[in-house]
Amino acid sequence: MAKGKGKVAKPPRGAQRRADKTSDTSEYDGYEPEPFLYDEEEKILASLVFLGSAALYICTMYPGLPGGDSGELMATAKDFGVSHPPGYPLFTTMAAIMINLFPIGTCAWKLNLMSSTIAGLTNMMMFINVKRFSGSDAAGVLAAGWCGFSRVFWMWSIQGEVFSLSNLFIMVIMYAAWRFANAEGRSGKFYEAKLGALICGLSLTNQHTSVLYIAPTALWVLFTLYNYDLADTYSLFQVGLRGLAGLSPYLQLPISSIFFKARVSWGDHRLFSDFKKHLLREDFGTFRLVSSSEQSTLWDNFMVYFNDSKTELTIAVWILFVVGMLIGLTLGSKKQREVMLIYMAMFGTYHLVFDSLANIKNPSGIFHGVLERFWLQPSLALCCVAGCGVGMIFQFLKEKANCPALKYLFLSLAVIAIGYQIQHNYEDCHENDNYFFWHFSRHILDQLPKRSILLTSGDFSTNTFRYHTIGEEYRTDVMVMDMQFMQAYWFYIMLMPINFPDVSFPGLYKPGKESKYPFYNLKKFLDENFDKYPIYMCVEVPKAEDSIEGYYEAWPFGMCKVFVRVSDNRDPLEHVTSMPWINLEKYPLPDLDRYEPQTWEYTMAMSMLETYSKPATWLWNRANSMTDQALKKKYYETAMNMMVENRKHVFDMVEKGLVTKNVVYYISPLEKNLGHLSLILYSVTKREDPEMAAHWTAQCKKYWTNYVEWHRDTVITKDSMWNTLNSIIKMDDFSSLQLVA
């Protein structure tokens with residue numbers, strides 16, 4: 001072979017670069033960017049995907065407040081405050097514009113509308129990505145609809161949260177990678193690199209996990225720029241400048257702290273140290289989901305994801321993912337192989353890093369829900385690659401059959417498959433009548449007297465109150481205080497003067513028995529403010545907070561607790577008979593047949609049901625420590641009557657259809673408690689009133705029989721008292737039992 005024959009000429013190197021490196025247009029002009037949509041047919045299909053999916057999302061979106069972080073995001077956006085770490089400045093800015101300029105609807109409705117519309121754009125970008133790679137319209141439509149109307153994607157698309165915008169950026173980053181791979185010449189690569197850097201910068205101002213897509217993409221782009229002699233200082237500066245421009249929404253944090261008086265906002269970002277701490281999520285741990293020392297393994301987390309995605313997207317998507325990867329890497333063109341490699345690098349990097357760092361071990365309940373929302377991003381790549389595989393198969397069959405009309409058959413099959421997906425998940429995802437969180441917070445706020453202090457902690461309760469008092473300006477006289485915020489110095493600088501100017505805060509809150517300046521504990525806070533304001537708490541008293549023992553008690557009050565001074569000698573029986581109750585007719589519970597344990601609806605319903613019986617158990621616990629036998633019996637009997645009334649009320653709601661029959665299963669601990677309390681009442685009456693003792697014997701058997709029958713197949717491995725309960729039910733005479741009342 002002659003020297004040099006068959007070799008591909010390399011792009012020019014730095015020695016041939018023009019001397020004038022400051023003129024971008026003279027060096028890189030002549031490049032015409034690829035059109036966003038190629039032709040009329042593609043424009044029509046892309047528009048239909050966007051409009052159709054957005055319309056369905058809007059029709060099924062929450063009409064009001066969703067659970068989780070939504071309430072906080074809405075409240076901070078209204079005053080242009082700073083959301084929880086890492087701040088989500090782009091989302092906050094967009095939400096602030098939507099809330100303050102869109103003319104109709106509540107804050108919650110506006111942001112739910114915004115998220116639903118963004119989710120429609122995400123589906124359109126999925127269509128475009130798959131169409132660009134495979135050339136198949138049908139595969140693009142199928143990938144967009146199958147992924148977009150899976151249960152998890154659908155649920156997080158219809159509520160005012162950051163995940164819709166995050167999903168859109170993932171799809172746009174994948175599209176930018178395709179554009180870069182297909183750009184011709186040095187001018188094309190340079191143009192697309194700058195555009196991609198801007199997109200990547202913007203994506204990082206919404207959710208940091210997008211860096212796991214950006215990192216492998218950036219390495220590939222840098223390597224390509226080097227090969228095209230574009231890795232000099234000037235060129236990299238130009239690309240980096242666009243990336244920094246994309247990060248500019250983070251200026252929202254210091255701007256908010258300096259110029260805006262937000263009623264809820266995290267941190268004092270006038271200080272760089274606070275800005276850095278917030279940006280890197282140092283309070284939680286960078287790339288950690290919760291502030292916990294627990295750790296799970298990469299393999300465990302990946303298998304949880306794999307099993308979940310099999311349920312949500314079906315095993316067929318995983319099979320098509322492997323098919324798409326193999327076809328793209330072996331039979332695709334050079335550019336297709338290049339793009340497929342980067343798609344696989346994105347998917348692999350996300351799981352390698354995120355699954356290694358996600359510190360939720362054996363996720364269940366709401367913590368499983370926390371994980372599944374972060375699995376949306378890798379599932380986008382999963383569905384995109386699977387769609388590319390389907391598209392290449394479709395194109396192969398169409399060419400072999402030499403029948404262009406086959407594409408309409410494939411489109412029809414795609415529409416049928418999407419119709420099935422919608423029908424399959426509609427029941428779980430239509431939330432257009434979901435006012436549960438709105439009812440929850442309204443119910444509590446309505447019970448509180450004017451000018452009350454309401455101490456809270458955690459996302460569930462705190463964010464719902466934040467939304468109502470700030471987002472809807474409802475019960476603004478109630479002072480909602482987050483006990484987590486009260487432990488931060490910036491609470492007293494940024495929030496206290498705006499929200500609580502007349503409340504006494506004797507230093508910096510720190511739970512515990514001892515309280516030395518500059519710290520104060522709960523007792524000291526109550527000492528300073530108890531005579532000025534009614535003080536309530538919508539959370540359990542922190543375990544570390546034992547300072548109030550002997551001085552104050554937290555008594556049940558509806559869904560909350562009210563602080564009572566021990567020295568006031570208030571009557572507990574009078575209190576529980578006069579306190580407000582949960583009105584299940586006015587504020588119905590979520591359907592526990594429908595909502596899974598990882599949802600906020602399930603968490604809320606369980607919280608309400610547990611609270612429903614707490615006044616009775618509170619009396620019961622007080623009675624256990626009494627020495628006056630007559631008073632002790634009175635407390636037990638009152639607690640028993642309250643539990644029986646609670647049980648009757650819930651069953652009445654079942655009969656009226658206001659709560660589901662499945663609620664009976666979830667409140668069965670009440671049945672167990674009724675049996676236990678009946679046994680205690682038997683013990684205190686067996687000597688002086690044998691007839692009443694026999695009554696309590698029968699009641700104990702009745703309640704425990706119900707409990708055992710309802711849970712025969714589920715509780716046998718969970719309840720340590722299972723064998724004991726079964727034995728007692730079969731006894732004719734309880735006199736041999738050793739009971740301590």
Working to the nearest 0.5 Å, report the span between [atom1] of [X] and [atom2] of [Y].
X      : Y      : atom1 : atom2 : value
His468 : Ser441 : NE2   : OG    : 3.0 Å
Met479 : Ile453 : CE    : CD1   : 4.5 Å
Leu679 : Ile728 : CG    : CD1   : 5.5 Å
Leu670 : Asn646 : CG    : CG    : 6.5 Å
Asp274 : Ile493 : CG    : CD1   : 8.5 Å
Met496 : Met486 : CE    : CE    : 11.0 Å

Just jot down the salt bridge (Lys or Arg N to Asp or Glu O under 4.0 Å) partners of [X], sequence neighbours excluded, or say none.
X      : result
Glu545 : none
Glu472 : Arg442
Lys702 : none
Arg565 : Asp531, Asp568

Specify the closest pair of heavy atoms between [X] and [Y], including all atoms of both residues, with the distance to one decimal.
X      : Y      : answer
Tyr636 : Ala623 : CE2-CB, 3.7 Å
Met692 : Thr685 : C-OG1, 4.2 Å
Gly71  : Leu65  : CA-CD1, 3.7 Å
Pro63  : Glu431 : CD-O, 3.1 Å
Ser70  : Gln159 : OG-OE1, 4.0 Å

Sequence neighbours excluded, which residues qualify as ring pair (Phe, Tyr, Trp, His ring centres under 6.0 Å) partners of [X]?
X      : value
Tyr509 : Tyr520
Tyr703 : none
Trp156 : Phe163
Phe525 : Phe505

Ring centres of [X] and [Y] under 6.0 Å apart?
X      : Y      : answer
Phe485 : Trp490 : yes
Tyr536 : Phe557 : yes
Phe440 : Phe460 : yes
Phe530 : Tyr552 : yes

In chain order, what residues pass the side chain to side chain contact (heavy atoms under 4.5 Å, CB included) check against [X], with sequence neighbours excluded?
X      : result
Glu540 : Lys561, Lys614
Cys560 : Ile444, Leu454, Cys538
Thr705 : Glu709, Ile729

Are [X] and [Y] within salt-bridge range, i.e. N to O under 4.0 Å?
X      : Y      : answer
Glu596 : Arg151 : no
Asp502 : Lys532 : no
Arg622 : Glu553 : yes
Glu691 : Lys686 : no
Lys632 : Asp628 : no
Asp477 : Arg451 : no

Hey, can you tell me if [X] and [Y] have their rings parallel, tilted or perpendicular (30° and 60° cut-offs)?
X      : Y      : answer
Phe437 : Tyr62  : tilted
Trp375 : His368 : perpendicular
Tyr435 : His439 : tilted

Residues which pass side chain to side chain donor-acceptor pair (under 3.5 Å) with Ser265, listed by chain and number, not counting sequence neighbours: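 Side chain to side chain donor-acceptor pair (under 3.5 Å) check on Ser265 returns nothing, list empty.
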
Asp300 vs Val304, side chain to side chain contact (heavy atoms under 4.5 Å, CB included): CA-CA, chis, key distance, verdict: CA-CA 6 Å; Asp300 289 340; Val304 174; 5.6 Å; no

Residues Thr106, Tyr467; criterion side chain to side chain contact (heavy atoms under 4.5 Å, CB included); working and verdict: CA-CA 11 Å; Thr106 63; Tyr467 170 74; 3.7 Å; yes

Candidate pair Arg475 and Asp446, rule salt bridge (Lys or Arg N to Asp or Glu O under 4.0 Å), full reasoning: CA-CA 8 Å; Arg475 287 303 308 270; Asp446 286 344; 5.2 Å; no

Donor-acceptor pair between Gln484 and Trp266 side chains, under 3.5 angstrom: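 There is no such pair between these side chains.
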
